[in-house]
K.L.:
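Before I ask anything, let me first share the structure, which is written out below as structure tokens.
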Protein chains: 2
Amino acid sequence: MTLTQLRYLVAIADSGLNITLAAEKVHATQPGLSKQLKQLEDELGFLLFVRKGRSLDAITPAGVQVLENARRILAEVNNVRSYAANHRRESHGELTLATTHTQARFVLPPAIAEVKRSYPQVGIHLKPAGEGEVLASLAKGQADLAVISTAGDPPADGLAIPLFRWKRVLLVPRGHPLADAGQAPTLETLARHPLISYDSSVRPESSLRRAFAAIGLEPQIALTAHDADLIKTYVRAGLGAGLLAEMAVTARDVEELVVLPAPPQLPECMTWALLPHGRVLRDYAVELLHALAPQLDRHDLRRVLAGNLEADWPTPPTWVELSQAITV
Amino acid sequence: MTLTQLRYLVAIADSGLNITLAAEKVHATQPGLSKQLKQLEDELGFLLFVRKGRSLDAITPAGVQVLENARRILAEVNNVRSYAANHRRESHGELTLATTHTQARFVLPPAIAEVKRSYPQVGIHLKPAGEGEVLASLAKGQADLAVISTAGDPPADGLAIPLFRWKRVLLVPRGHPLADAGQAPTLETLARHPLISYDSSVRPESSLRRAFAAIGLEPQIALTAHDADLIKTYVRAGLGAGLLAEMAVTARDVEELVVLPAPPQLPECMTWALLPHGRVLRDYAVELLHALAPQLDRHDLRRVLAGNLEADWPTPPTWVELSQAITV
DNA sequence: CGCGTTTACGTCGTTCGTAACGATA
DNA sequence: TATCGTTACGAACGACGTAAACGCG
């Protein structure tokens, strides 16, 4: 068993059992992977994949088990490499962030700029995805760090660092019935208007639906997108009232549209940085965390990351506080 | 970075920084290890050991960190190997048990015989050690499984499987003052007699000392040994009253000496099987666990070992119940 | 017939062991 | 001078890539 074999195994699994594709990903040739896979199977004494003709058709149950361990092993190896790179103060590297569109578009830019300033040689990659995919690619080691939002509890697995709290806002065109009030509508009022919001709001367990369900109503979700810019476009087109994260409101939106608070029954949300337990981050990744959450001390961060102990995080600031602190 | 390099690194660390000795342990030559270590250090970019002249003098702080990860990685690799060997129903292998003398001498024999019957090709190694060393060698991966006793809570780290409960007994020669009563002496009475017990009883936090301290007394520990047989020898020599685990009492002891219950203030003890979280055991090791704790279902065991979930163990039987069940 | 995997083969790099050397107590 | 680690070198092994063969849709 070699680390190369395990790396190839994982690459094959992550390429949908296509050895040729996997070979490209690991910068090797297809016969090389094929042979190493065979050798690994020979050593273990059983097949890791079931073959259908010549192609790989599925992972065997034993293969799933081995794959899991292989991921853990490779993750630890990566930890050593990260630790070593930090130790020798290497200032170049890659940083892959798995995150949702809203974070990438409205939250991360200043933080990333900050990191880029301190570490100009770091290549930063944004991996936009839905919430589920974010968690998956984080767990698979395809991203170093994830930044996502939830309306309630922190995600179960891994280390969740609370970054800031935020509220939803309503965005309506000038002259829209909701705009006249100039204040947050009630849920009952809101239920009478078509809404434009995120894809996630159609899920029955979404906080939006639950808030409405609590008073026996159902929102009219006219249109959904995972892209706040798209939502705004349709708001401008008069298709409905946009319900989106306050972070997504730009100065231009304030000029051209009407921004209202969302009904108070909609719970406050939290944005989290996520990473698996025990993962060692490069210094620039810690720097990113610090840029995202200035209320957290760099050393405390390091300690929690290293020690794996559940930290008593201070109550994170609201988005308003945070963005004011940044612009000031 | 290769698994070989990590294996060599760990071997060097576990050989007291003696490369020559480490080379023998891993069945390789000394220059081989020396070179691989150098290569690893080159790749990581810093020294793992501080050199004093030509010899290795100490591990660097960074080396400690890398060593930790290396152990984790190698442990996972071993898990894969064990899993594979189980999967192909391999019936040979090695089983190393870290345990104390009393367990090895009086508790394990029938269980080991049972395993040997089902798996004659398995080489079983007993690694006798004090309690601290047991935990250390288990964590270092030098033992597959540990069996130890405590008077109170289960050991903190790793998975602790309660095997059975047991009491201490007093062993005195015929005609000893304590023998006349024919029943358990009080702590006060016991305090007036010299005692012969285990090494561990001299620790101030030992349950023995604490029980005496609770009533403001101190036991007279005349002699200690980690070996129950030694204790008995000195009891026979009339040097004092032996205070030892009931498992250590043989039929011959009952004939030749007087066995009394210990004062009821001495808490009941528990014998545990210990293994680190996430360690995959060979089938014969699970068989050993089952032989030691017949009250536990093999499949439940497997599930807990695999799932890593804290099990709600059933209350384990007492040693008396357990040994009767075995002899019957 | 194209796609993807396996097999075959030659080359290159790496590892390993032996042997000699260096340093240290 | 004995012990231990490093360097040097040659042999053997193993990995990799190219090229060709094989199956399947």
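First the proteins, then the strands, lettered A, B, ... as listed; each starts at 1.
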K.L.:
Roughly how many Å is it from NZ in B/K38 to P in D/dT6, rounded to a whole number?
P.N.:
7 Å
K.L.:
Determine, for A/R51 against A/D57, whether the closest basic-nitrogen to carboxylate-oxygen distance falls under 4.0 angstrom.
P.N.:
no
K.L.:
Is a side-chain donor-acceptor pair under 3.5 Å present for B/T20 with B/Q30?
P.N.:
no
K.L.:
C/dT7, D/dC4, C/dG4: which one has an atom nearest the side-chain heavy atoms of A/P31?
P.N.:
C/dT7
K.L.:
Taking atom C1' of D/dT7 as reference, at what distance in whole Å does atom CG of B/L33 sit?
P.N.:
16 Å
K.L.:
So, is B/R51 close to the C/dA23 phosphate, meaning a side-chain N or O under 4.0 Å from OP1 or OP2?
P.N.:
no
K.L.:
Rounded to the Å, how far apart are A/D57 CG and C/dC3 P?
P.N.:
20 Å
K.L.:
Does this structure show an ion pair linking B/D144 with B/K127, if we count only N-O contacts that are shorter than 4.0 Å?
P.N.:
no
K.L.:
In whole angstrom, give the distance that lies between atom CD1 of B/I19 and atom C1' of D/dT7.
P.N.:
13 Å
K.L.:
Between CD of B/E43 and CZ of A/R81, what distance do you get to the nearest 0.5 Å?
P.N.:
5.5 Å
K.L.:
Starting at CG of A/L56 and ending at P of C/dC3, how long is that distance when rounded to a whole Å?
P.N.:
18 Å
K.L.:
At under 4.0 Å, does any side-chain N or O of B/Q36 touch on OP1 or OP2 of C/dT14?
P.N.:
no
K.L.:
C/dT5 P sits how many Å from A/F49 CZ, rounded?
P.N.:
11 Å
K.L.:
In whole angstroms, how far is the C1' atom of D/dA15 from the CD atom of A/Q30?
P.N.:
15 Å
K.L.:
Between the opening five pairs and the closing five pairs of the helix from C/dC1-D/dG25 to C/dA25-D/dT1, how far apart are the helix axes, to 10°?
P.N.:
30°
K.L.:
Considering non-hydrogen atoms only, spot the tightest contact between A/A98 and A/V134 and give its length.
P.N.:
O-CG1, 3.7 Å
K.L.:
Would you say A/R88's side chain and B/L44's backbone share a donor-acceptor pair under 3.5 angstrom?
P.N.:
yes
K.L.:
B/Q39 has a side chain; which of D/dG5, C/dG17, C/dT15 sits nearest to it?
P.N.:
C/dT15
K.L.:
Salt-bridge test for A/R302 and A/D283: reply yes if a basic N is under 4.0 Å from a carboxylate O, no otherwise.
P.N.:
yes
K.L.:
Among D/dA19, C/dC9, D/dT7, find the nucleotide with the atom closest to the side chain of A/K35.
P.N.:
C/dC9
K.L.:
Of the options D/dC4, D/dG17, C/dT5, whose atoms approach the side-chain atoms of A/A28 most closely?
P.N.:
D/dG17
K.L.:
Have a look at A/G32 and say if it touches a base, only the backbone sugar-phosphate, or nothing, with a 4.0 Å heavy-atom cut-off.
P.N.:
nothing
K.L.:
Decide if atom CG of B/D157 counts as having more than 12 heavy atoms of other residues, nucleotides or ligands within a radius under 6.0 Å.
P.N.:
no
K.L.:
Below 4.0 angstrom from OP1 or OP2 of C/dT5, is there any side-chain N or O of A/T20?
P.N.:
yes
K.L.:
Can you sort out which residues in residues 3-11 of chain A have a heavy atom within less than 4.0 Å of DNA chain D? Ascending by number, please.
P.N.:
A/T4, A/Y8
K.L.:
Categorize B/L37 for me: base, sugar-phosphate, or nothing, with a 4.0 angstrom heavy-atom threshold over every strand shown.
P.N.:
nothing
K.L.:
Rounded to the nearest Å, what distance is computed from the CG atom of residue A/L17 to the P atom of nucleotide C/dT5?
P.N.:
9 Å
K.L.:
Going by distance alone, is a donor N or O of one side chain under 3.5 Å from an acceptor N or O of the other, for B/W272 and B/T150?
P.N.:
yes
K.L.:
Are B/R298 and B/E287 ion-paired here, with the side-chain N under 4.0 Å from a carboxylate O?
P.N.:
yes
